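Take a look at the structure set out below.
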Amino acid sequence: MRLAGFLLDGAARTFRHRGAFSKLLVVLAASGGGGIVAYADARTDAAAESAQIASKKKVVVLGTGWAGTTFLKNLDSSLYDVQVISPRNYFAFTPLLPSVTCGTVEPRSIVEPVRRIIRKKDGQIKFWEAECFKIDPDTKKLHCRTNIGTNLEGNGEFIVDYDYLVITVGARASTFNTPGVVEHCHFLKEVEDAQKIRRSVIDCFERAILPDIDEEERKRILHFVIVGAGPTGVEFAAELHDFFSEDLAKLYPTVKDLVNITVIGHAEHILTMFDKRISTFAEQKFQRDGIELKTGFKVVKVSDKTLTMQNEIHQQFSVPYGMAVWSTGIGAHPFILEFMKQIGQGNRRALATNEWLRVRECADVYAIGDCATIAQSKVMDDILEIFRFADKDNSGNLTMKEIEDVLEDICVRYPQVELYLKSKHMSDIVDLIKASKDADKMESEGINIEEFKIALANVDSQVKSLPATAQVAAQQGIYLARCFNKRKDREENPEGPQRIKEAGRHHFLPFRYKHFGQFAPLGGEQTAAELPGDWISIGHSTQWLWYSVYASKQVSWRTRTLVMSDWARRFVFGRDSCRI
Ligand code: FAD
Ligand code: MG
């Protein structure tokens, strides 16, 4: 009875919005006699729905990471037939991965099911758990393969068509073809990697404490090496040091003096992408903590028990180690490299897009996040078009008024101009032109193309590529979704025509990244941060800022609650050393 009531209730809820007639059909259907009527009604609805979907453009999103999920969350999915393909049916909050390696935070606390994210879109988004292994831009088809056991023919392979493709597949760890890295080192890219590292750290302690092992071997087993002195490597080293000093030292007292952590970096300092003050503070803190820094070294070979590194003058040193984590940089997935070759980008390291995030020389394909890089148009490449666009009276000379009229357009289209002016402490291009030509002459004669070229000759030196961070990926996801939302049924590409190079205004301004600062957790409840406006903050108070920012950035209240309770658990009980 209760079951029947539940079913009726569910059915009534499903059909609530279809009016009294549908409700009547549900009641008839539930009572048994009207099943066929209800079925016919549902079929008409389904046919109408599929006709509606058929008229919509197909948007296929590859990937469910930072870029993909932010795009999906912000997309008006009622405008498109949206399909998502990813081998991972969850979103992972990667900035907390280093915390997972030592059990400060549990893996389940930083992941959110994709289906929960797309459910909020009224079921309009379809998700397929599979990986794409080939993109065919000519036929607009994606070749995909699922790795979950299926009865699909041809090893679980299937093809998906698209009208618009959004590639957000991220990147993979790069080994620079160093021999032995894949076989012997851990990576820290995925949740599974962090779980493996946690088990491996505990294994090292359990192995080192076994009887009949000599001191040298115990020392080797307890030597943890991190290759890469960027934010991820440094944060992991700090986490590992905390795990050891706060928890494992008490649990494994007999081997606690044999533990050694080494960070190997290619550059002269660690955290070179941060302000010098942060990098110096981090180096001093690591020295105090006894974390060994080997800067100016490149690892050239890894075997199962030793790692060979080389300094600038090509001297080689072998270091015995128990566990190594490789965190040196990222590279494109093989199928993306293949796609890049196909579209003439074979000599690049990531998919090059224009400023509206569309893959260059490739219609209807967009790429955002770690897999892509914006190939910013250069002022000097477009200088003739810029001049012609500005020279409204076709006089072959630009007057002050003509220059002033296009100032804003140039700054919007070429962000490097603003950066260059800032570096020269100038307020606008007029200052730049005045610096290269006498002001009175400029007033009376204007400026010709050659003078215009000279004035702007160096602005492209400020073209900068964006870092591969979650912050960039998320902002790109939001931007692209907004372009797609505004595009509606217009036939143009979401970015619309460009304003300077072609006649007419583009519909959207090019993507502009806003940097909100970045953190470098250094262990012992101390964090360094670069904040907007060139502010630097280091210490315990910054650690609390880190806690609040990372709690607020969680994708759902579920993960926020779990992460915060993990932090509280760690404060009260410490981390555990169970090998699971
Ligand atoms: P990802 O988030 O990597 O997502 C890629 C998605 O594509 C995944 O869902 C994957 O399963 C899917 N995919 C892969 N191959 C295929 C395929 N063949 N077909 C379909 N789908 C596929 N950034 C910060 O800003 N702050 C930080 O503190 C920070 N800390 C980090 C710590 C660690 C340990 C790591 C590894 C990264 C950190 N980052 C941080 C960087 C940040 O995680 C990345 O820049 C960000 O994840 C990039 O987002 P993305 O969407 O491009 O790629
Ligand atoms: Mg003119």
Side-chain angles (χ1 to χ4, degrees), residues 60-71 84-101 110-111 114 128-135 142-147 160 166-173 187-194 197 228 230-236 239 325 327 329-330 332-336 339 350-351 367-372 387-388 390-403 405 445-449 452 466-477 515-521 527 529 546 549-550 553:
V60 179
V61 181
L62 294 182
T64 50
W66 277 96
T69 43
T70 355
F71 175 78
V84 188
I85 301 166
S86 175
R88 217 168 71 182
N89 79 347
Y90 57 87
F91 162 82
F93 192 88
T94 47
L96 286 181
L97 274 183
S99 304
V100 174
T101 58
I110 66 159
V111 295
V114 171
W128 321 124
E129 189 182 291
E131 64 168 3
C132 172
F133 64 91
K134 186 172 184 280
I135 301 170
L142 302 169
H143 297 254
C144 305
R145 184 190 299 129
T146 175
N147 56 7
V160 174
V166 181
I167 307 177
T168 74
V169 294
R172 60 176 181 156
F187 296 102
L188 182 48
K189 268 307 272 146
E190 305 286 340
V191 177
E192 289 90 341
D193 297 335
I197 291 176
T232 304
V234 165
E235 187 176 346
F236 170 63
E239 270 286 343
V325 173
S327 163
I330 52 171
H333 289 291
F335 85 105
I336 293 290
F339 173 59
L351 267 171
I368 52 177
D370 283 3
C371 66
F387 191 88
R388 251 180 257 137
D391 187 13
K392 291 276 169 337
D393 60 359
N394 283 324
S395 64
N397 257 353
L398 297 186
T399 61
M400 286 298 270
K401 166 93 181 50
E402 281 174 331
I403 294 172
D405 284 350
E445 296 171 9
I447 187 170
N448 65 29
I449 178 71
F452 192 58
L466 296 175
T469 62
Q471 221 180 125
V472 172
Q475 286 184 29
Q476 291 184 331
H515 187 59
F516 293 112
Q518 54 184 343
F519 288 105
T527 286
W546 182 90
V549 169
Y550 278 34
K553 291 277 170 208

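Owing to the predicted nature of the structure, the values given are computational and were not obtained by experimental measurement. Start at 1 and go down the list; that is how both ligands and their atoms are numbered.
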So which atom in [X] and which in [Y] form the shortest heavy-atom distance, rounded to 0.1 Å?
X      : Y      : answer
Leu188 : Phe236 : CD2-CB, 4.3 Å
Phe133 : Phe335 : O-CB, 3.3 Å
Ala473 : Gly369 : CB-CA, 3.8 Å
Arg88  : Glu190 : NH1-OE1, 2.9 Å

Mind checking whether the Mg ion (ligand 2) has an N, O or S of Ser395 under 2.8 Å?
yes

Is the contact between Thr64 and ligand 1 made by the side chain, the backbone, both, or neither, using heavy atoms and a 4.0 Å cut-off?
both

Heavy atoms only, cut-off 4.0 Å: how does Phe335 contact ligand 1, side chain, backbone, both, or neither?
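Contact part for Phe335 vs ligand 1: side chain (C-beta onward).
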
Show which atoms of ligand 1 fall inside a sub-4.0 Å distance from at least one heavy-atom site of [X].
X      : result
Ile85  : 20 (C), 21 (N)
Gly170 : 5 (C), 52 (O), 53 (O)
Ala468 : 41 (C), 45 (O)
Leu188 : 34 (C), 36 (C)
Gly369 : 52 (O)
Gln471 : 25 (O)

Under 3.5 Å between any N/O of [X] and any N/O of ligand 1: does that happen in this structure?
X      : result
Pro98  : no
Cys132 : yes
Asp370 : yes
Thr232 : no
Thr94  : yes
Trp66  : yes

Going by distance alone, is a donor N or O of one side chain under 3.5 Å from an acceptor N or O of the other, for Asn397 and Ser395?
no

Starting from [atom], locate the nearest protein heavy atom and write down its residue, its atom name and how far away it is, to 0.1 Å.
atom                    : result
atom 8 (C) of ligand 1  : Arg88 CZ, 3.7 Å
atom 51 (O) of ligand 1 : Ala67 N, 2.8 Å
atom 4 (O) of ligand 1  : Gly65 CA, 3.2 Å
atom 30 (N) of ligand 1 : Pro95 CA, 3.5 Å
atom 14 (C) of ligand 1 : Val169 O, 3.5 Å
atom 10 (C) of ligand 1 : Ser86 OG, 4.0 Å

So [Y] and [X], do their side chains get closer than 4.5 Å, heavy atoms only?
X      : Y      : result
Phe71  : Thr168 : no
Cys144 : Trp128 : no
Trp66  : Asp370 : no
Val325 : Thr101 : no
Thr64  : Asn89  : no
Asp393 : Glu402 : yes
Glu235 : Phe519 : no
Ser86  : Phe91  : no

Out of Ala372, Pro87, Ala470, indicate the one that has the non-hydrogen atom closest to atom 13 (N) of ligand 1.
Pro87

Tell me which one of Ala173, Ala474, Gly63 gets a heavy atom nearest to atom 12 (C) of ligand 1.
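Minimum heavy-atom distance to atom 12 (C) of ligand 1 goes to Gly63.
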
For the Mg ion (ligand 2): the N/O/S atom of Asp393 at shortest distance
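When I compare the N, O and S atoms of Asp393, OD1 is nearest to the Mg ion (ligand 2).
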
Of the N, O or S atoms in Asp391, the one nearest the Mg ion (ligand 2):
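Looking only at N, O and S atoms of Asp391, the one nearest the Mg ion (ligand 2) is named OD1.
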
Around atom NZ of Lys134, are there more than 12 heavy atoms from other residues, nucleotides or ligands closer than 6.0 Å?
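Count over threshold, so yes.
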
Given O of Asn397 on one side and OE2 of Glu402 on the other, what angle do they make at the Mg ion (ligand 2), to 10°?
130°

Within the structure, is a non-hydrogen atom of Tyr550 found at a distance of less than 4.0 Å from ligand 1?
yes

Identify the residue among His143, His333, Arg145 that makes a side-chain contact (heavy atoms from CB on, under 4.5 Å) with Glu131.
Arg145

